[in-house]
Amino acid sequence: QVQPVESGGGLVQPGGSLRLSCAISGSIFSNIAMGWYRQAPGKQREFVARITRSGITSYVVSVKGRFTISRDNAKNTVYLQMNSLKPEDTAVYYCKGDGQSWGQGIQVTVSS
């Protein structure tokens with residue numbers, strides 16, 4: 001199993017945007033689906049978005065139309081473009097490939 005490395009989090013005002021990146025080393029990346037998850041304080045980790053090897057995407061209802069997951073197999077990287085951010089999007093965001101380890105997570109805080 002390979003641990004992914006997330007980047008791109010931070011503090012943003014409501015209505016703002018952030019783009020998260022997640023890199024996995026090695027050739028396995030192009031052969032697995034990738035997902036983003038998040039865990040808010042005091043809550044369980046929840047699914048956010050997923051992209052298959054062929055680029056089929058799925059989202060939790062609360063982020064549909066605001067978040068976009070994409071992948072670049074040449075760079076072994078998956079992205080999560082987050083627009084129109086809300087305070088309730090505040091969480092630690094994790095990426096994970098099917099059958100792979102969790103990343104360490106990255107903080108996203110949406111606050112004025």
Side-chain angles (χ1 to χ4, degrees):
Q1 294 188 354
V2 180
Q3 186 176 44
V5 178
E6 301 100 339
S7 61
L11 172 64
V12 63
Q13 291 189 343
S17 297
L18 280 176
R19 189 177 80 156
L20 304 183
S21 300
C22 170
I24 290 185
S25 61
S27 60
I28 194 172
F29 179 85
S30 61
N31 295 317
I32 58 174
M34 294 293 301
W36 285 98
Y37 302 78
R38 65 187 180 186
Q39 188 167 15
K43 294 188 176 181
Q44 289 190 332
R45 192 172 300 183
E46 67 169 352
F47 164 80
V48 175
R50 187 172 186 267
I51 185 166
T52 66
R53 294 181 300 168
S54 58
I56 297 172
T57 59
S58 57
Y59 301 90
V60 67
V61 170
S62 60
V63 309
K64 259 187 179 179
R66 300 189 298 122
F67 291 10
T68 302
I69 187 171
S70 61
R71 65 189 298 159
D72 184 338
N73 289 339
K75 296 182 178 179
N76 286 3
T77 301
V78 62
Y79 304 98
L80 186 67
Q81 178 67 43
M82 305 186 294
N83 299 328
S84 302
L85 281 161
K86 304 176 181 180
E88 51 264 44
D89 295 317
T90 295
V92 177
Y93 283 71
Y94 301 85
C95 81
K96 185 180 182 299
D98 282 2
Q100 303 302 306
S101 301
W102 289 98
Q104 294 210 346
I106 193 160
Q107 179 70 46
V108 171
T109 303
V110 184
S111 175
S112 54

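Keep in mind it's a predicted model, so treat the numbers as computed, not measured.
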Taking only distance into account, with no hydrogens and no angle test, what donor-acceptor pairs under 3.5 Å do side-chain atoms of residues 18-34 form with protein atoms, sequence neighbours excluded?
none

Suppose the criterion is disulfide (SG to SG under 2.5 Å): which pairs have a residue in residues 27-56, not counting sequence neighbours?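 Matches after skipping sequence neighbours: none remain.
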
If you count the non-hydrogen atoms of other residues, nucleotides and ligands that lie under 6.0 Å from CD in Glu46, is the total more than 12?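 For Glu46, atom CD is crowded (more than 12 foreign heavy atoms under 6.0 Å).
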
Look only at the side chain of Glu6 and the backbone of Cys95, and say whether a donor-acceptor pair between them is shorter than 3.5 Å.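 Judged by distance alone, yes, a pair lies under 3.5 Å.
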
Might you point out which heavy atoms bring Asn83 and Ser17 nearest each other, and give the distance in Å?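 Minimum heavy-atom separation between Asn83 and Ser17: OD1-OG, 2.9 Å.
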
If a pair satisfies disulfide (SG to SG under 2.5 Å) and one of its residues is in residues 30-61, list it, with sequence neighbours excluded.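 Of all non-adjacent pairs touching residues 30-61, none passes disulfide (SG to SG under 2.5 Å).
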
Are Val5 and Val92 linked, directly or through intermediate hydrophobic residues, by side-chain heavy-atom contacts shorter than 4.5 Å (ILVMFWY only)?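 No, because Val92 and Val5 fall into different hydrophobic clusters, even though each may have its own neighbours under 4.5 Å.
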
With a 4.5 Å limit on heavy-atom distance, are the side chains of Ser111 and Leu11 in contact?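 When only atoms from C-beta onward are counted, Leu11 and Ser111 do touch, with a gap below 4.5 Å.
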
Out of curiosity, does Phe47 fall in the hydrophobic cluster containing Ile106 (side-chain heavy atoms, cut-off under 4.5 Å, transitive links)?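 Result: yes, single cluster for both.
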
Pair listing, disulfide (SG to SG under 2.5 Å) test, anchored in residues 48-94, at least two apart: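 Counting only pairs at least two positions apart or across chains, no disulfide (SG to SG under 2.5 Å) contact touches residues 48-94.
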
Applying ring pair (Phe, Tyr, Trp, His ring centres under 6.0 Å), which residue pairs with at least one partner in residues 79-112 are found, sequence neighbours left out?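 Sorted pair list: Tyr37-Trp102.
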
Within residues 86-105 or reaching into it, pairs that qualify as salt bridge (charged side-chain N to carboxylate O under 4.0 Å, His left out) - sequence neighbours excluded: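 Qualifying pairs: Arg38-Asp89, Arg50-Asp98, Arg66-Asp89.
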
Anything under 3.5 Å between a donor and an acceptor, one on a side chain of residues 53-61, the other on a protein residue two or more places apart or in another chain? List them.
residue	atom	partner	partner atom	Å
Ser54	OG	Thr52	OG1	3.2
Tyr59	OH	Ile69	N	3.0

Please, which pairs that meet disulfide (SG to SG under 2.5 Å) have at least one residue in residues 23-80, sequence neighbours excluded?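 As it turns out, there is no disulfide (SG to SG under 2.5 Å) pair with a partner in residues 23-80 once direct neighbours are skipped.
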
Could you work out, with side chain to side chain donor-acceptor pair (under 3.5 Å) as the rule, every residue matching Gln107, not counting sequence neighbours?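 Result, side chain to side chain donor-acceptor pair (under 3.5 Å) vs Gln107: Thr109.
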
Got a sec, which residues hit side chain to side chain donor-acceptor pair (under 3.5 Å) with Gln3, two or more places apart in sequence or on another chain?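 Once residues adjacent in sequence are excluded, Gln3 has no partner under the side chain to side chain donor-acceptor pair (under 3.5 Å) criterion.
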
